[in-house]
Amino acid sequence: MELGLVGLGKMGGNMRERLRRAGHTVFGYDRNPDLADVHSLRELVGKLSGPRVVWVMVPAGEPTQSTVDELAELLAPGDVVVDGGNSRWTDDEKHAAELAAKGIGFVDCGVSGGVWGLENGYALMYGGSAEDVAKVQPIFDALKPEGDFGSVHAGKAGAGHFAKMVHNGIEYAMMQAYAEGWELLEKVDSVTDVREVFRSWQEGTVIRSWLLDLAVNALDEDEHLEGLRGYAQDSGEGRWTVEAAIDNAVPLPAITASLFARFASRQEDSPQMKMIAALRNQFGGHAVEKK
């Protein structure tokens, strides 16, 4: 089938290639003319036969909003917009309502797979009406991994990105657990080959996973991670997961702690720890370190 794809960065560019390998016709638009097949959203829409499907793969927030707004003026009733970026699920509900007023369908799709997706396929979590999803289904089938799993119609509009948000929250906690275990192993004198301990866990253990495989890859490249700074950014989805947990009174101690650990990584000299040190000195006479 034909697809318009907006946003041809690392994910979008590889998705275009995977779809073309599967025999689909993809017209790609990007602000970088060196990446684009067409040079405006109007030209992109003009290339497609109805009912048109346009997949948006741009950063969440204003970039997605402005793209959806422009497409709303270019598309016709019966067409479908897919948001495959990392939008907040509440934005999906808004976009679905705005487009529905013009007779245009909307599907939100959480996409996982990163730079490995071109060869291995992308895990897809999508939300929207059955009618709108059906119009996009051949694209989902081409992007997903081979086999029976790897994609799901999670529910109504917003469900796809909500599912992907929770997926990323779980990912935060899993990465934090591997990181804490690695640091403890590195700290003790008795363990002399931490990298091989991690490698041994790749088979037969209950904690084996793709994340563990990637950790071993990283240690093969830099055994003690000496070339990296201990600073971790967050994409926003971990925050949204914690916020949703608060709104729904669901306890998420591990995910919340992993998010806060990332915040702590950005402080070279923790203000909180200054107060802790001062209090320990006040009540117990414990030594403090001066700058």
Side-chain angles (χ1 to χ4, degrees), residues 7-15 17-18 57 59-60 84-86 110-125 143-147 149-150 163-242 252-270 273:
L8 301 170
K10 290 181 180 179
M11 289 280 280
N14 282 344
M15 290 166 64
E17 178 61 24
R18 184 171 175 87
M57 204 71 187
N86 285 327
V111 182
S112 182
V115 296
W116 302 85
L118 174 59
E119 300 300 332
N120 298 339
Y122 300 89
L124 306 172
M125 296 143 269
L143 288 173
K144 69 178 288 292
E146 293 184 7
F149 306 108
K164 176 59 163 51
M165 176 194 75
V166 174
H167 164 281
N168 281 24
I170 294 170
E171 177 187 288
Y172 275 45
M174 291 175 66
M175 287 193 289
Q176 184 67 26
Y178 285 129
E180 291 175 7
W182 173 79
E183 181 178 356
L184 181 57
L185 287 167
E186 285 276 330
K187 189 72 173 180
V188 301
D189 293 333
S190 58
V191 180
T192 57
D193 200 335
V194 175
R195 178 176 60 186
E196 293 309 310
V197 170
F198 261 59
R199 197 188 311 279
S200 75
W201 293 344
Q202 290 181 278
E203 299 291 342
T205 72
V206 297
I207 64 167
R208 62 189 184 275
S209 72
W210 187 42
L211 280 175
L212 178 62
D213 295 342
L214 295 177
V216 172
N217 288 351
L219 296 175
D220 281 339
E221 294 171 5
D222 182 353
E223 183 174 357
H224 302 289
L225 303 183
E226 294 169 329
L228 300 180
R229 180 186 169 202
Y231 178 104
Q233 193 54 268
D234 68 285
S235 64
E237 289 179 294
R239 302 183 190 209
W240 299 342
T241 305
V242 173
L252 300 185
I255 292 174
T256 302
S258 68
L259 175 64
F260 288 174
R262 295 197 185 191
F263 296 164
S265 78
R266 301 167 204 168
Q267 298 179 334
E268 293 184 3
D269 189 15
S270 170
M273 289 303 107

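- No donor-acceptor contact under 3.5 angstrom links the side chains of Y172 and T241, judged on distance only.
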Determine all donor-acceptor pairs shorter than 3.5 Å in which one atom belongs to a side chain in residues 110-120; sequence neighbours excluded.
unit_1	atom_1	unit_2	atom_2	d
E119	OE2	R21	NH1	3.1

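- With sequence neighbours left out, L184 forms a side-chain contact (heavy atoms from CB on, under 4.5 Å) with no residue at all.
- For F149, the CZ atom counts as loosely surrounded, since its 6.0 Å shell holds 12 or fewer non-hydrogen atoms of other residues, nucleotides or ligands.
- Legend: residues meeting side-chain hydrogen bond (donor to acceptor under 3.5 Å, both in side chains) with S265, ordered by chain and number and at least two apart, are absent.
- Judged as a salt bridge (charged side-chain N to carboxylate O under 4.0 Å, His left out), not a single pair has a partner in residues 201-217 (not counting sequence neighbours).
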* Output, in order, the C-alpha distance, side-chain angles, deciding distance and verdict of side-chain contact (heavy atoms from CB on, under 4.5 Å) for L225 and W182. => CA-CA 11 Å; L225 303 183; W182 173 79; 3.8 Å; yes
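- A side chain to side chain contact (heavy atoms under 4.5 Å, CB included) with M175 holds for exactly one of L211, L214, I170; it is L211.
- With sequence neighbours left out, D193 forms a side-chain hydrogen bond (donor to acceptor under 3.5 Å, both in side chains) with no residue at all.
- In this structure S200 satisfies the side-chain contact (heavy atoms from CB on, under 4.5 Å) test with no other residue, sequence neighbours excluded.
- Side chain of R262 to backbone of A232: no donor-acceptor contact under 3.5 angstrom is found.
- For E171, there are no side-chain hydrogen bond (donor to acceptor under 3.5 Å, both in side chains) partners, not counting sequence neighbours.
- By the side-chain contact (heavy atoms from CB on, under 4.5 Å) test, V197 is found to be paired with L185, V191, W201, residues two or more places apart in sequence or in another chain being considered.
- Scored by the ring pair (Phe, Tyr, Trp, His ring centres under 6.0 Å) test, W240 finds no partners at all (sequence neighbours excluded).
- Rounded to the nearest 0.5 Å, atoms CZ (F198) and CG (L212) are 6.5 Å apart.
- For the pair F263 and R239, the tightest heavy-atom approach, listed with the atom from each and the gap, is CE2-NH2, 3.6 Å.
- Without hydrogens or angle criteria, S258 side chain to I255 main chain gives a donor-acceptor distance under 3.5 Å.
- Minimum interatomic distance between N86 and A60 (heavy atoms only, all atoms of both residues): O-CB, 3.5 Å.
- Take E226 and apply the side-chain contact (heavy atoms from CB on, under 4.5 Å) test, not counting sequence neighbours, and it matches D222, H224.
- Proximity of D220 to R199: side-chain heavy atoms (C-beta onward) are separated by under 4.5 Å at one or more points.
- Atom CG of L8 and atom CE of M15 lie 10.0 Å apart (nearest 0.5 Å).
- Annotation for Q233: atom CD counts as buried by contact number, over 12 foreign heavy atoms lying within 6.0 Å.
- Among residues two or more places apart in sequence or in another chain, the side-chain hydrogen bond (donor to acceptor under 3.5 Å, both in side chains) test is passed with N168 by K164, E237.
- Distance alone, capped at 3.5 Å, places no donor-acceptor pair between the K144 side chain and the G121 backbone.
- Taken from CE in M11 to CE in M57, the straight-line distance is 4.0 Å, to the nearest 0.5 Å.
- Within the structure, the salt bridge (charged side-chain N to carboxylate O under 4.0 Å, His left out) test picks out no pair touching residues 181-191 (sequence neighbours left out).
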